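Written below as structure tokens is the structure these notes are about.
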Amino acid sequence: MRFGVITFPGSNCDHDCYWALRKVLSQEVEFIWHKEEDVQGYDCLILPGGFSYGDYLRTGAIAKFSPVMRGVKEFVHRGGLVLGICNGFQILQEAGLLPGVMLQNESLRFICDYVYLRVENEKTPFTCGCKKGEVLKIPIAHNAGNFFVEKETLEKLKGENRIILRYCDKEGRISRASNPNGAMDNIAAVINEGGNVLGMMPHPERAIESILGSTDGRKIFESIMRSRDEKG
Amino acid sequence: MKKFKAKIHITLKPGVFDPQGKVILSALKTLGHKGAKGVRTGKYFEIELEAEDKSSAKQEVEQICHDLLANPVIEDYSHRVSEV
């Protein structure tokens, strides 16, 4: 399977994604500089975490105008798989490919910590290797992960089963206490209407090797690989 | 071409949680401003631009606000354009 990891000025998890896919999961991976417009020939594009354009104005607000985003939009419309992680999620929101916006964390503090996530929908290309209700341990690292959408959009997301991961405790219980950043409805990951673009605040590429505390992040990438195999 | 200056305010929509505003309000109370009842933060921009006339300058500023400066999901904007 061929992955493309898009590097914006200020991306800083691009090499972690590369490492996870190339060295750990033995997949084909290439970096794509944000000035490239052509993103054809990939099975899955990853918009990695970081601080594109220094988070100036709003997170992701400037990156959405990078030339590569034209290619990404086309790729999405043709049904290609796109995974946005952390800042990548924020960029996809600003670009209108995913709903909502990330407000600053309720605590006003940058949070870097392991969190537990409950898989709410396992029927997506990004979670098909998980069980419904399964609890994943994957770290977050962000200052703005406080997911917000208008009420009508939230209802729509719920109705269409598009909330994919929610912050929970170790046992999978969803509560105010298990919400690290104030995100509406404990939302950690959502998918687009077409079911081919996932945004998640937690960093699966940082939970790939047991020496770093968890290997649950592999399940996200392995799901993508599996969905591709099933598609043929 | 004439020169214009736009003064732009970006404000959070009502109902959007503003953690910074909340912290500032509690600081105001600590300072003894007992009358302070609410704080909402926002952004302010000044843009210098050249345009044929005021109405085309306004149109351009409107576009700038819509496309880049504000996120319509959570923010409103207002602007004032004057010739300099």
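Nothing here was measured: the structure is a model prediction, and the numbers come from that model. Reminder, nothing fancy here: chain letters follow the sequence lines and each chain counts from 1. The basis for the numbers below is simple: all heavy atoms, side chains too, and nothing from hydrogens, waters or symmetry mates.
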(request) Let me know which of B:Val61, B:Ile64, B:Ile47, B:Ile10 forms a side-chain contact (heavy atoms from CB on, under 4.5 Å) with B:His79. (result) B:Val61

(request) Only counting residues at least two apart or in another chain, list the ones meeting side chain to side chain contact (heavy atoms under 4.5 Å, CB included) with B:Ala27. (result)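 For B:Ala27 there are no side chain to side chain contact (heavy atoms under 4.5 Å, CB included) partners, ignoring immediate neighbours.
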
Table up the donor-acceptor pairs between chain B and chain A that sit under 3.5 Å, atom names plus distance.
{"residue": "B:Lys43", "atom": "NZ", "partner": "A:Leu57", "partner atom": "O", "Å": "2.7"}
{"residue": "B:Asp67", "atom": "O", "partner": "A:Lys64", "partner atom": "NZ", "Å": "3.2"}
{"residue": "B:Leu68", "atom": "O", "partner": "A:Arg58", "partner atom": "NH1", "Å": "3.1"}
{"residue": "B:Leu68", "atom": "O", "partner": "A:Arg58", "partner atom": "NH2", "Å": "3.0"}
{"residue": "B:Leu69", "atom": "O", "partner": "A:Arg58", "partner atom": "NH1", "Å": "2.9"}
{"residue": "B:Asn71", "atom": "ND2", "partner": "A:Glu94", "partner atom": "OE2", "Å": "3.1"}

(message) To the closest 0.5 Å, what do you measure between CD1 (A:Ile32) and CD1 (A:Ile6)?
(response)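 So the gap between those two atoms works out to 5.0 Å.
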
(request) Compare every heavy atom of A:Gly60 with every heavy atom of A:Ile91, then report the nearest pair and how far apart it is. (result) CG1-CA, 3.7 Å

(message) Looking at B:Glu48, I want to see if its CD is surrounded by more than 12 non-hydrogen atoms of other residues, nucleotides or ligands under 6.0 Å.
(response) no

(request) Decide if atom NZ of B:Lys3 counts as having more than 12 heavy atoms of other residues, nucleotides or ligands within a radius under 6.0 Å. (result)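 No, because the 6.0 Å sphere around NZ of B:Lys3 holds 12 heavy atoms or fewer from other groups.
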
(message) If I measure from the heavy atoms of chain B, does A:Leu57 come under 4.5 Å with its side chain, its backbone, both, or neither?
(response)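 The answer is both parts of A:Leu57.
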
(request) Would you mind checking which part of B:Leu69 comes under 4.5 Å of any heavy atom in chain A, side chain (CB onward), backbone (N, CA, C, O), both or neither? (result)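 Contact with chain A: backbone and side chain both.
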
(request) Not counting sequence neighbours, list each pair that qualifies as a salt bridge (Lys or Arg N to Asp or Glu O under 4.0 Å) and has a residue in residues 53-66 of chain B. (result) none

